[in-house]
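Written out below as structure tokens is the structure these notes cover.
Read the numbers this way: they start at 1 and go in the same order the structure lists the ligands and their atoms. Worth saying up front: this structure is predicted, and the values here are computed from it rather than measured. Hydrogens, waters and symmetry mates play no part in the numbers below; they use all other heavy atoms, side chains included.
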Amino acid sequence: MIKLNYRNTASAIVGEENGLDLAMEFLEYNDVIKNIISDLNQCKDKPGQWLQWMNLGYSEETVWYVKEFASMVRGIFDNILILGIGGSALGGIAVTEALLKPYWNYLSKEQRNNYPRIFFLDNIDPDSIKGLLDVLDLKKTLVNVITKSGSTAETMSQYMIIKDLMQKELGDDYRKNIVATTDQRVGVLRQLADQEGYKTFVVPDDVGGRFSVFSAVGLVPFALLGLDIDKIMSGIKDMDLALKNTDINENIAAQGALINYLMDKKLGKNISVLMPYSSRLKYVSDWYVQLWAESLGKEINKNGEKVNVGPTPVGALGATDQHSQIQLYNEGPNNKLITFIRVENFDTTLEIPKIFEYTGIGYLGGKTINDLINAEADSTRVALADYNRPTMTILIEKVDEYNIAQLMYMLEVQTAIAGALYNIDAFNQPGVEQAKNYTYALMGRAGYEDSAQALKSKLVTV
Ligand code: PA5
């Protein structure tokens with residue numbers, strides 16, 4: 001099981017102004033946390049609560065269906081191309097970057113054991129879309145269009161471009177090269193997929209995009225790439241069981257949520273940095289940033305009061321960002337809580353050769369890069385404590401299917417608990433809608449004529 005070390009958030013280490021009396025806080029919030037965890041578990045099956053992501057570890061039917069599809073198309077495609085944005089892409093990127101052999105797309109087919117390359121198009125930069133299309137052989141590419149709403153402009157415009165090209169290149173056979181992952185019943189993509197006869201997968205009801213990584217949204221690409229989705233399921237289930245514990249002293253998601261919340265509310269530390277010391281976990285930070293930002297950044301609380309809450313999430317990477325962000329974290333405003341992720345065992349042990357012995361770099365010879373990265377994690381943590389900067393560390397034994405699932409599921413539960421502490425709805429995103437509507441208006445979508453009118457006058461002044 002992954003662990004959380006929160007010692008360096010204690011006032012005994014970083015001082016009263018910057019740290020918490022955790023024994024007292026845990027006692028004071030004991031009942032609040034107990035109620036939050038009980039509520040989450042009791043409400044998870046109720047429609048409209050958006051908590052179905054808590055059941056994804058148990059969806060054996062989906063796992064079976066996904067595996068069957070993966071074995072059916074095994075060896076047929078050289079490339080998987082995912083079209084999706086936000087929650088439809090970030091989880092997939094995080095997991096594949098963590099679990100596939102580094103530089104996967106550069107490996108030969110044999111080195112990839114005949115599994116395909118993977119590409120995510122999660123933006124609408126025309127140059128990068130064209131660039132990707134120039135290097136992909138669409139005949140040998142399986143495109144997976146992922147959108148829960150089925151109408152997201154970024155994803156659907158990419159789909160329209162690629163569908164058109166595929167049809168031109170492949171004739172009627174193009175349908176075999178497209179799958180759609182979307183809502184079971186509603187949305188434009190659902191309608192089109194049914195009309196066109198694409199293979200489809202379902203984003204289950206009451207699972208929001210940023211909580212969907214362990215639904216078919218992630219499982220389909222993971223299985224197509226040969227990742228062990230049974231181990232992913234075990235990781236989620238074991239973590240889910242551990243996080244059902246209502247005792248804050250035993251529940252790391254509750255501890256992480258409460259510490260983040262108190263750091264913000266009591267001590268004004270409203271920036272939450274996630275800094276893994278592992279390149280393979282770099283994109284877990286990107287995923288976390290979206291999860292934390294869209295879930296917790298809210299104007300109105302559950303009582304309808306205007307609160308404008310939400311800590312600002314920041315992604316960082318150790319050791320790289322020691323040479324970029326750490327100067328600010330040590331000496332700049334003391335307004336952050338930094339959470340490190342430390343990997344105990346890497347797949348590779350890389351020795352530094354004993355050359356240049358009698359020079360200033362001689363001390364490195366004979367050590368391993370593994371020693372170096374963890375020494376840097378330790379020294380950064382201690383240096384930050386010297387500057388009275390609070391930090392926590394998530395400890396992972398190794399980066400594999402089981403542990404990555406535990407880590408990401410734990411962060412999802414932590415987010416849900418934090419949402420309850422802030423007394424906001426962690427599962428909606430009303431703040432994204434306004435710009436979306438303006439885009440529809442600018443692009444001439446029917447029904448948005450009024451917005452278009454309002455927008456035209458504002459564009460001159462804003
Ligand atoms: O977390 C979310 O709900 C969002 O980030 C969505 O995933 C994102 O807006 C894409 O939406 P959709 O899956 O409907 O295309």
Side-chain angles (χ1 to χ4, degrees), residues 48-54 56 81-96 120-125 129 143-163 178-193 198 200-221 283-299 310 313 315 408-409 411-416 418-419 424-440 443 445:
Q49 299 294 311
W50 291 90
L51 290 171
Q52 276 300 323
W53 54 273
M54 294 180 77
L56 293 176
L81 171 58
I82 306 289
L83 310 181
I85 197 163
S88 291
L90 288 165
I93 296 172
V95 173
T96 53
F120 287 86
L121 260 190
D122 72 338
N123 202 359
I124 42 170
D125 178 317
I129 297 176
V143 176
N144 184 0
V145 195
I146 306 179
T147 160
K148 180 170 176 68
S149 62
S151 56
T152 300
E154 293 89 341
T155 307
M156 293 309 279
S157 57
Q158 292 167 349
Y159 159 71
M160 287 156 83
I161 292 169
I162 287 165
K163 186 247 175 198
I178 299 180
V179 300
T181 306
T182 190
D183 190 271
Q184 189 156 20
R185 291 171 296 274
V186 298
V188 181
L189 183 60
R190 167 54 60 190
Q191 221 177 325
L192 285 175
Y198 302 148
T200 62
F201 295 92
V202 170
V203 188
D205 290 346
D206 290 337
V207 175
R210 56 191 175 274
F211 290 86
S212 69
V213 56
F214 299 122
S215 70
V217 168
L219 295 183
V220 173
Y283 294 92
V284 171
S285 292
D286 282 9
W287 168 84
Y288 167 79
V289 165
Q290 189 225 2
L291 180 72
W292 203 244
E294 267 193 3
S295 302
L296 302 181
K298 297 290 152 73
E299 181 166 73
M408 292 173 76
Y409 184 73
L411 291 171
E412 288 178 345
V413 177
Q414 174 183 292
T415 307
I424 47 94
D425 183 344
F427 306 106
N428 65 4
Q429 51 283 325
V432 187
E433 295 309 314
Q434 187 69 335
K436 257 192 190 175
N437 291 340
Y438 280 153
T439 305
Y440 293 148
M443 297 298 284
R445 185 172 174 180

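The contact set between ligand 1 and Q290, taken as ligand atoms under 4.0 Å from a residue heavy atom, comprises 1 (O), 2 (C), 4 (C), 5 (O). Those atoms of ligand 1 with a heavy atom of G209 less than 4.0 angstrom away are 1 (O), 2 (C), 3 (O), 7 (O).
For atom 11 (O) of ligand 1, the nearest non-hydrogen atom of the protein is T152 OG1, 3.6 Å.
With hydrogens and angles ignored, the 3.5 Å screen pairs no side-chain donor or acceptor of Q52 with any backbone N or O of G208. Under a 3.5 Å cut-off, the side chain of S295 and the backbone N or O of W292 do not form any donor-acceptor pair. Listed for the K148 side chain is a donor-acceptor partner under 3.5 Å among the backbone atoms of P204.
Distance CG/L81 to CD1/I178: 10.0 Å, rounded to 0.5 Å. From D206, atom CG reaches atom CD of Q49 across 8.0 Å, with rounding to the nearest 0.5 Å.
One side chain, S149 or T152, offers a donor N or O that lies under 3.5 Å from an acceptor on the other.
The shortest N or O to N or O distance between T155 and ligand 1 is not below 3.5 Å. Residue K436 places no N or O, backbone or side chain, under 3.5 Å from any N or O of ligand 1. Remark: ligand 1 and G87 share an N or O pair separated by less than 3.5 Å (distance only, no angle test).
Here the shortest heavy-atom distance to atom 10 (C) of ligand 1, taken over I85, L83, V217, belongs to I85. Comparing heavy-atom distances from atom 4 (C) of ligand 1 across R210, E294, Q429 singles out E294 as nearest.
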